[in-house]
Chemist: 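Would you mind keeping the following structure in view while I ask a few things?
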There are 2 protein chains.
Amino acid sequence: MYQLLIMTKKDLHRKRPRTEIPEPTLRRLPRYLHFLQGIWEQGQMNISAPAIARELNYDPTQIVKDLSYTGAVGKPRVGYVTYELIRIIEDFLSLNTKSEAILVGAGNLGSALLSYDNLSGFGIKIIAAFDVAPTKVGTQIGNVSVMHVSRLNELVTRLKVEIGILTTPARIAQEAVDIMVDAKIKAIWNFTPTFLQVPDSVVVQNTSMYANVAILLQRLKELKNKQYGQI
Amino acid sequence: MYQLLIMTKKDLHRKRPRTEIPEPTLRRLPRYLHFLQGIWEQGQMNISAPAIARELNYDPTQIVKDLSYTGAVGKPRVGYVTYELIRIIEDFLSLNTKSEAILVGAGNLGSALLSYDNLSGFGIKIIAAFDVAPTKVGTQIGNVSVMHVSRLNELVTRLKVEIGILTTPARIAQEAVDIMVDAKIKAIWNFTPTFLQVPDSVVVQNTSMYANVAILLQRLKELKNKQYGQI
DNA sequence: TTTTATTAAAGAAAAATATCTTTAATAAAA
DNA sequence: TTTTATTAAAGATATTTTTCTTTAATAAAA
């Protein structure tokens with residue numbers, strides 16, 4: 001992911017100590033949050049790390065470590081204050097400050113995200129969509145206007161949008177990214193299976209349906225092998 | 001993920017050596033595949049691991065290791081035969097044998113997946129969808145019929161469907177999963193933020209939009225800190 | 001042919017991550 | 001009050017994953 005030629009990964013980590021949250025932790029935090037919201041609705045005022053661990057089938061110390069990244073501190077014999085912990089995690093994940101984003105590629109997946117209400121539920125608000133198809137341009141999908149890509153730069157620059165969601169066909173993904181980077185987009189959520197070329201000043205998060213299917217099918221295969229193997 | 005009480009993870013791995021493909025590998029394989037399809041279309045007959053590594057910014061030996069899991073072997077000084085490698089990876093990921101799946105929850109995200117043509121492009125074919133809303137039941141979304149959940153068990157059992165896609169609201173996710181498990185679904189692709197309780201004989205693949213947004217926003221935050229921090 | 005450069009493959013080392021262990025704090029019970 | 005059980009936090013260990021190193025193979029060039 002890092003495009004380093006001279007620096008090794010070791011050097012990189014020496015340069016910025018403790019600033020980078022481990023990705024596994026970031027993947028678990030939303031899960032904790034959802035669980036906490038559930039028990040909060042049921043009126044549970046406090047929760048301990050071991051209790052969370054039991055419910056979610058995790059290691060208790062892992063939960064303590066993950067939570068410590070957010071700055072949350074618990075009390076011995078009591079645990080964490082449920083609503084405080086929820087607020088701390090939400091703040092930490094920037095889920096409260098709705099970041100504005102634009103979307104490029106209003107095809108199947110793009111339209112889905114545009115009309116997917118829940119998207120606003122996790123810190124991102126799509127304020128505009130872009131496409132090239134005349135059938136799409138000028139329409140509204142889920143309260144968001146679809147404009148021609150030629151207007152991307154002007155709008156993004158003017159409104160200082162930092163996040164771009166990429167849902168174009170893979171074929172033209174890099175082209176779309178170049179336009180985004182040109183308009184000073186700083187973070188790209190990539191739903192295409194393309195490996196994007198971007199400068200170091202831009203972060204890319206890949207959400208590959210392919211990868212998820214691959215893992216699911218593989219685990220299913222392994223499960224079957226295991227069962228037949230046991231006899 | 002494994003619900004073991006007496007066995008430790010160590011024991012587990014001792015029991016099935018070399019059967020479990022590392023998840024990072026499974027995440028990278030589809031990326032290699034996409035890249036290979038690209039160069040194949042451009043008429044490139046052979047490709048070496050170091051060449052792939054240069055293009056995708058990976059470590060060359062990591063690519064060799066990942067590919068060796070699929071059984072692919074390359075020739076020194078030539079590399080791999082492009083089309084053979086594509087076929088081997090596709091076979092390995094079961095992308096050629098379209099597995100049949102059902103979908104539960106025909107809301108925003110569910111409808112999106114139903115009308116998302118590409119889904120069939122990666123080894124899964126949704127043959128039926130289920131919901132409870134009278135406005136949904138009886139309709140067709142992307143050539144797939146939406147039926148009432150009460151018909152799930154009969155249909156899944158009769159057609160021996162093994163894969164279930166979960167796109168219900170989080171609130172009723174576990175309920176829906178119980179129905180799926182009851183109907184002998186063996187693999188669940190979970191798009192809800194819920195932690196699902198399933199028996200050991202069922203595999204779950206979580207695709208959490210929340211987690212992806214969390215990672216993206218965090219990396220963006222870190223990027224800004226880094227830039228301001230440098231001055 | 002013989003040499004040379006390039007490569008896959010296998011094994012070792014390093015880094016990242018998860019799990020286990022110990023310690024200190026503290027609320028609840030005696 | 002004093003004791004006890006439970007807990008968070010910190011540190012140590014183990015595991016997993018990635019990266020580095022070495023070796024052997026072989027196609028292309030001399």
Side-chain angles (χ1 to χ4, degrees), chain A residues 1-2 4-5 7-29 31-32 45-54 56-82 84-85 88 215, chain B residues 1-2 4-5 7-29 31-32 45-54 56-82 84-85 88 215:
Chain A
M1 202 62 88
Y2 303 103
L4 302 173
L5 295 172
M7 279 172 106
T8 65
K9 210 168 180 185
K10 201 174 169 185
D11 295 325
L12 185 80
H13 282 269
R14 208 171 278 146
K15 282 238 163 183
R16 22 177 184 158
R18 218 95 305 268
T19 45
E20 217 171 77
I21 315 300
E23 183 157 326
T25 297
L26 289 172
R27 276 208 289 265
R28 285 188 294 265
L29 284 173
R31 174 165 290 175
Y32 301 155
M45 304 298 281
N46 294 283
I47 183 83
S48 70
I52 299 175
R54 270 191 300 277
L56 303 184
N57 247 55
Y58 281 137
D59 186 274
T61 56
Q62 186 173 65
I63 294 192
V64 174
K65 271 215 174 118
D66 286 344
L67 294 182
S68 74
Y69 278 110
T70 67
V73 284
K75 266 190 188 165
R77 226 187 136 85
V78 173
Y80 302 86
V81 178
T82 310
E84 276 184 8
L85 189 52
I88 289 173
I215 297 170
Chain B
M1 203 62 86
Y2 302 103
L4 301 174
L5 296 171
M7 276 173 108
T8 65
K9 210 168 181 186
K10 201 175 168 184
D11 294 326
L12 184 82
H13 281 270
R14 208 170 279 145
K15 282 238 163 185
R16 25 176 184 158
R18 216 91 312 260
T19 45
E20 217 170 77
I21 315 299
E23 184 158 326
T25 297
L26 290 172
R27 276 207 290 265
R28 285 187 295 264
L29 283 174
R31 174 165 290 175
Y32 301 155
M45 304 298 282
N46 293 283
I47 183 84
S48 70
I52 300 174
R54 271 191 300 278
L56 303 185
N57 249 55
Y58 281 136
D59 186 274
T61 56
Q62 187 174 64
I63 295 192
V64 173
K65 269 215 174 119
D66 286 344
L67 294 182
S68 73
Y69 279 109
T70 67
V73 285
K75 266 192 188 162
R77 226 189 136 86
V78 173
Y80 302 86
V81 178
T82 310
E84 275 184 9
L85 190 51
I88 289 174
I215 296 170

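Quick note on labels: first sequence line is chain A, next is B, and so on, each numbered from 1. If you're wondering where the values come from, they're calculated on a predicted model, not measured in any experiment.
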Chemist: What is the distance from CD of A:E23 to P of D:dT16, rounded to the nearest Å?
Modeler: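 Answer to the nearest Å: 19 Å.
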Chemist: Base, sugar-phosphate alone, or nothing: which one does A:V78 contact when heavy atoms must sit under 4.0 Å apart?
Modeler: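 A:V78: backbone/sugar contact only, no base atoms under 4.0 Å.
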Chemist: Take the protein atom CD1 of A:I47 and the nucleotide atom C1' of D:dT7, then report the distance between them rounded to whole Å.
Modeler: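 Distance check: A:I47 CD1 to D:dT7 C1' gives 13 Å.
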Chemist: Which nucleotide in the list C:dT19, D:dA9, D:dT17 gets nearest to the side chain of B:P22?
Modeler: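 The answer is D:dT17, which lies nearest to the side chain.
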Chemist: Heavy atoms from C-beta onward define the side chain here; which of C:dG11, D:dT26, D:dA8 lies closest to that of A:S48?
Modeler: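 The listed nucleotide nearest to A:S48's side chain is D:dA8.
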Chemist: Would you mind telling me which of D:dA8, C:dA8, D:dA12 lies closest to the side-chain atoms of A:A49?
Modeler: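 Among the listed nucleotides, the one closest to the side chain of A:A49 is D:dA8.
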Chemist: Would you mind reading off the distance between B:Y69 atom OH and C:dA10 atom C1', rounded to a whole angstrom?
Modeler: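 Rounded to whole Å, this separation is 13 Å.
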Chemist: Roughly how far apart are A:I215 CD1 and B:R27 CZ, rounded to 0.5 Å?
Modeler: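 CZ of B:R27 is found 5.5 Å from CD1 of A:I215.
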Chemist: How far does CD1 of A:I88 sit from CG of A:L67, to the nearest 0.5 angstrom?
Modeler: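 One finds 9.0 Å between CD1 of A:I88 and CG of A:L67.
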Chemist: To the nearest angstrom, how far is A:R27 atom CZ from C:dT17 atom C1'?
Modeler: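 Those two atoms, CZ and C1', are 12 Å apart.
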Chemist: Would you indicate which nucleotide in C:dA12, C:dT19, C:dA8 comes nearest to any side-chain atom of A:K65?
Modeler: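 It is C:dT19.
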Chemist: Could you check how far CD of B:E84 sits from P of C:dA8, rounded to whole Å?
Modeler: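 Between P of C:dA8 and CD of B:E84: 14 Å.
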Chemist: Nearest whole angstrom, please: distance from the C1' of C:dA9 to the CG of B:D66.
Modeler: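 B:D66 atom CG is separated from C:dA9 atom C1' by 14 Å.
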Chemist: If you compare every side-chain N and O of B:Y58 against the phosphate oxygens of D:dT17 (OP1, OP2), does one of them come in below 4.0 Å?
Modeler: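 Indeed not, no polar side-chain atom of B:Y58 lies that close.
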Chemist: So, A:Y32 and A:D66: side-chain donor and acceptor under 3.5 Å apart, yes or no?
Modeler: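 Looking only at side-chain atoms, A:D66 and A:Y32 do form a donor-acceptor pair, the distance falling under 3.5 Å.
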Chemist: For A:I88 and D:dA8, give me the distance from atom CD1 to atom P, rounded to whole Å.
Modeler: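 Going from CD1 in A:I88 over to P in D:dA8 covers 14 Å.
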Chemist: Between the side chains of B:R28 and B:Y58, is a donor N or O closer than 3.5 angstrom to an acceptor N or O?
Modeler: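 There is no such pair (donor and acceptor under 3.5 Å, judged by atom type) between the side chains of B:R28 and B:Y58.
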Chemist: Kindly point out which of D:dT18, C:dA9, C:dT17 is positioned nearest to the side chain of B:P24?
Modeler: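 From the listed options, D:dT18 comes nearest.
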Chemist: Which is more 5' along DNA chain C, the nucleotide nearest A:D59 or the one nearest B:K75? Just name the residue.
Modeler: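 Nearer the 5' end of the strand: B:K75.
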Chemist: Closest to the B:T61 side chain: C:dC20, D:dG11, C:dA10?
Modeler: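 Within the option list, the nearest is C:dA10.
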Chemist: Check whether any side-chain heavy atom of B:T25 lies under 4.5 Å from a side-chain heavy atom of B:L29, and answer yes or no.
Modeler: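 In short, these two side chains touch, coming nearer than 4.5 Å.
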Chemist: With both distances under 3.5 Å as the test, what is the Watson-Crick or G-U wobble partner of C:dT26?
Modeler: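 C:dT26 is paired, partner D:dA5.
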Chemist: Does any nucleotide pair with D:dA14 by Watson-Crick or G-U wobble geometry, both distances under 3.5 Å, and what is it?
Modeler: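 By the stated definition (distances under 3.5 Å), C:dT17 pairs with D:dA14.
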Chemist: Would you kindly give the CG-to-P distance between A:L26 and C:dA16, to the nearest whole Å?
Modeler: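 Checked: the CG to P distance equals 16 Å.
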Chemist: Has the side chain of A:R77 got a donor or acceptor atom sitting under 3.5 Å from an opposite partner on the base of C:dA28?
Modeler: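 No, the side chain and the base share no sub-3.5 Å donor-acceptor pair.
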Chemist: Is the backbone N or O of A:V78 less than 3.5 Å from a side-chain atom of A:S48, with the two atoms forming a donor-acceptor pair by type?
Modeler: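 It does not hold such a pair.
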Chemist: If C:dG11 has a Watson-Crick or G-U wobble mate with both distances under 3.5 Å, name it; if not, just say none.
Modeler: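 Its partner is D:dC20 (Watson-Crick or G-U wobble, both distances under 3.5 Å).
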Chemist: Using a heavy-atom cut-off of under 4.0 Å over every strand shown, decide if A:P50 touches base, sugar-phosphate, or nothing.
Modeler: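 Sugar-phosphate, backbone atoms only, no base.
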